[in-house]
Amino acid sequence: MKSILFRNLKSIPPTVAVALPSLLMHHHHSLQSNTLLNEFTSSCYRRDLPAAMRALTSMQNHRIWADSVTYSELIKCCLACGAIQEAKLVHKHIFSDGYQPKTFLINTLMNMYVKFNLLNEARELFDQMPDRNVVSWTTMIAAFSNARLDHEAMEFLTLMLRNGVHPNMFTYSSVLQACNGLPSLRQIHCGITKTGLDSDVFVRSALIDNYSKWGELPNALTVFNEMETSDLIVWNSVIGAFAQNTDGDEALNLFKRMKRCGFMADQATLTSVLRACTGLALLELGRQIHVHLLKYNRDLILSNALLDMYCKCGSLEDARFEFSRIVDKDVISWSTMIIGLAQNGFSHEALEMFQKMESSGTKPNYITVVGVLFACSHAGLVDKGRSYFESMEKNFGIKPGREHYGCMVDLLGRAGKLDEAIELIKRMEPEPDAVTWRTLLGACRIHRNMDLAAYAAKRVLDLDPDDAGTYILLSNIYANSHRWEDAAQVRKTMRGNNVRKEPGCSWIEVNKQIHAFILRDNSHPEIDKIVRQLNKYVERLKEVGYVPDSNFVLQDVEGEQMEDPLLYHSEKLAIVYGLMALTKGKNIRIRKNLRICGDCHLFAKLLAKMENRHVVIRDQIRYHHFEGGVCSCGDYW
DNA sequence: ATAGGGTTAG
């Protein structure tokens with residue numbers, strides 16, 4: 001009996017232990033406390049919270065304390081039941097009458113408050129505790145960084161170091177989430193390297209993820225490559241880093257490497273791989289992943305990524321089917337479908353989809369509304385768009401942001417209301433950025449308003465001095481009005497800023513192989529045959545009214561095409577190759593790195609009709625489905 | 001007792 005008693009009372013501090021002999025003298029008393037403690041302990045382990053709380057109250061009356069381990073069990077009970085009131089009673093009991101809980105137990109209490117989202121209570125405990133160890137500090141850092149109070153989390157790290165407590169891998173992986181800038185990230189990385197914690201998989205994935213967040217992919221890759229210690233999550237971090245930063249090629253390379261290393265992809269891996277396919281418009285590879293997916297239980301994130309892949313690879317039939325298969329559609333499923341429909345030229349269907357979404361009870365978010373306005377702008381629904389825009393705050397509780405204004409500029413601009421568009425830019429609350437001005441510039445191109453185009457182009461270049469296309473456009477505008485000096489000045493500034501226009505490039509997937517056509521690059525093995533065929537097509541199209549468009553004033557030209565009428569844009573070559581290499585019923589799908597030019601657009605429309613084929617081109621901005629002599633973009637792009 | 005990865009945007 002004695003041994004049991006002492007085991008249960010072992011954490012009683014000396015001041016209380018003095019009273020112990022008197023307790024032992026009264027036989028029934030000690031028996032009763034023993035019974036109480038047993039009852040308490042077993043209730044905790046049985047997760048019987050009410051019984052445990054009854055026992056706790058009796059213990060309170062008899063001034064009995066259990067050990068830290070049992071209290072931790074009780075805290076687990078409270079957490080499991082979501083019982084905040086009870087948790088506070090436990091806290092009170094543990095701190096009553098001079099009982100000095102150990103650091104371990106206070107940490108557990110703090111952690112409990114954190115899990116209940118009661119940061120103030122946790123912090124109060126932290127402030128009052130006498131001995132803070134690594135876990136105490138790390139608990140606070142993790143709590144504040146999870147609450148997105150990055151600054152506070154970083155402060156805790158500073159204080160911790162100043163107090164001479166050494167961070168461990170838990171600390172670093174937590175604090176990395178709160179890193180608020182590249183300098184502090186580099187500093188923390190240094191600290192990690194010094195302590196040798198850079199081999200810990202948690203720390204490594206957090207580092208990779210953070211470098212990725214700041215777009216520092218070379219650093220992310222270095223962290224990944226310099227250590228052998230990797231698990232699936234580290235692989236997922238690095239694959240995700242490239243997939244999210246529009247470097248799908250590298251993401252796919254890493255994915256291959258991962259499989260060679262014997263790792264099994266999970267849902268997160270495949271989500272990133274699908275995103276890489278989406279970025280590269282690799283429909284066939286995306287389909288292969290889809291087949292592979294059939295062996296998995298698909299969760300919502302993965303389903304959404306698959307849906308988006310089909311949308312962005314221009315296969316709306318597949319997208320619609322996958323969308324219908326998602327049982328618990330969330331706001332992202334709906335938004336993806338709405339945006340996918342709108343981008344592919346099915347604006348009315350996109351707006352119907354939005355109504356279905358509203359009646360399904362799913363609340364739209366910021367991005368959904370961008371999609372809705374985008375759909376209105378592509379369908380030329382000025383009034384409808386305006387009404388959504390003006391009522392979005394009232395109806396959906398979403399304050400119009402830069403992107404919403406951008407859609408409205410697009411909507412008004414496309415509809416020819418350029419004055420109204422510029423008025424909107426002037427009075428918009430978020431500062432217009434380069435994208436806003438580029439949108440206005442796009443509208444000026446459609447409506448051939450040179451003066452406003454020049455103004456918009458200058459604003460774009462103020463905000464984005466690396467935008468090669470806009471320099472060329474502005475210089476062409478000046479040249480057109482014989483302002484040769486201004487034109488030369490623009491080209492000079494462009495060279496001075498070391499900005500170079502990347503050459504036009506188009507990709508087409510044939511038999512699981514990617515064929516790339518680059519302007520001025522004749523390395524494709526069948527280039528001669530393709531050019532001969534292209535010449536034939538041009539001649540035949542001229543007979544049905546095709547006039548090659550040489551008005552490049554409001555277009556940014558890929559190269560010096562005027563000098564050389566035989567120098568074809570890359571998408572023309574890709575289309576012709578597609579016609580040659582893909583059997584009749586197959587759609588011709590092309591991805592292009594720049595915006596399609598007016599001449600190629602007309603060429604594609606006429607050729608698709610003449611050959612009775614469906615041609616899909618995804619350019620830098622949007623999708624063009626050419627069929628029967630028309631394009632899904634309605635000639636607005 | 002404390003920690004890491006994946007989905008929608010002009």
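Keep in mind that what you see is a predicted model, and the values were worked out from it rather than measured. Labels below follow one simple rule: chain letters A, B, ... track the order of the sequence lines, proteins then strands, and each chain is numbered from 1.
- Within 4.0 Å of A:Leu274, counting heavy atoms only, lies no atom of the nucleic acid at all.
- With hydrogens and angles ignored, no donor-acceptor pair under 3.5 angstrom links the side chain of A:Thr108 to the base of B:dA1.
- Side-chain atoms of A:Ser335 and base atoms of B:dT8 include a donor and an acceptor less than 3.5 Å apart.
- Closest approach to the A:Met169 side chain among B:dG10, B:dT8, B:dA3 is made by B:dA3 (side chain taken as heavy atoms from C-beta onward).
- A:Asn365 and A:Thr368 share a donor-acceptor pair across their side chains, judged by distance under 3.5 Å alone.
- Within the 4.0 Å cut-off from OP1 or OP2 of B:dG10, at least one side-chain nitrogen or oxygen of A:Gln343 is found.
- Residue A:Ile367 is in base contact, counting any heavy-atom pair closer than 4.0 Å across all strands shown.
- Considering only the side chain of A:Val201, B:dG4 comes nearest among B:dT7, B:dG4, B:dG10.
- For A:Asn111, the listed nucleotide lying nearest its side chain is B:dT2; candidates were B:dG6, B:dA3, B:dT2.
- Contact annotation: A:Lys312 reaches the phosphate of B:dA9 (side-chain N/O to OP1 or OP2, under 4.0 Å).
- Side-chain proximity of A:Asp200 to the nucleotides B:dT7, B:dA9, B:dA3 is greatest for B:dA3.
- Contact annotation: side chain of A:Asn133 to base of B:dA1, donor-acceptor pair present below 3.5 Å.
- In this structure, A:Arg275 does not reach the B:dG6 phosphate: none of its side-chain N or O atoms is under 4.0 Å from OP1 or OP2.
- Residue contacts for A:Asp410: at a heavy-atom cut-off of 4.0 Å it reaches no nucleic acid atom on any strand shown.
- Under a 4.0 Å N-O distance rule, the pair A:Asp318/A:Arg320 does not qualify as a salt bridge.
- Looking only at atom types and distance, the side chain of A:His624 has no donor-acceptor partner in the side chain of A:Arg618 under 3.5 Å away.
- Between the base of B:dG4 and the side chain of A:Ser205 there is a donor-acceptor pair shorter than 3.5 Å.
- Each of A:Asp410, A:Asp467, A:Asp462 was checked for a salt bridge (charged side-chain N to carboxylate O under 4.0 Å, His left out) with A:Arg438, and the lone residue meeting it is A:Asp467.
- The phosphate of B:dT2 (OP1 or OP2) has no side-chain N or O of A:Asn107 nearer than 4.0 angstrom.
- Listed nucleotides B:dA9, B:dT7, B:dG10 differ in distance to A:Ile332; the shortest reach to its side chain belongs to B:dT7.
- Contact annotation for A:Thr271: base contact, defined as any heavy-atom pair under 4.0 Å involving a base atom.
- In this structure, the nucleotide among B:dT2, B:dA3, B:dT7 sitting nearest to the side chain of A:Ser174 is B:dA3.
- Between A:Phe374 and A:His378, the ring planes are tilted. Angles from 30° to 60° get that label.
- Checking B:dG10, B:dT2, B:dG4 against the side-chain heavy atoms of A:Val370 singles out B:dG10 as nearest.
- Contact between the side-chain N/O atoms of A:Gln244 and the OP1/OP2 oxygens of B:dG6 is found at a separation under 4.0 Å.
- Between the side chain of A:Asp299 and the base of B:dG6, at least one donor-acceptor pair of N or O atoms lies under 3.5 Å.
- Contact annotation: A:Arg622 side-chain N/O to B:dG10 OP1/OP2 distance is not under 4.0 Å.
- Counting non-hydrogen atoms under 4.0 angstrom, A:Thr139 reaches the backbone sugars and phosphates but no base.
- The closest side-chain donor-acceptor pair between A:Ser333 and A:Asn304 falls under 3.5 angstrom.
- Scanning atom types as modelled, no donor and acceptor separated by under 3.5 angstrom connect the side chain of A:Asp266 and the base of B:dG6.
- With B:dG4, B:dT8, B:dG6 as the choices, the nucleotide that has an atom nearest any side-chain atom of A:Ile301 turns out to be B:dG6.
- Phosphate contact (OP1/OP2 of B:dA1, side-chain N/O of A:Lys115, threshold under 4.0 Å): absent.
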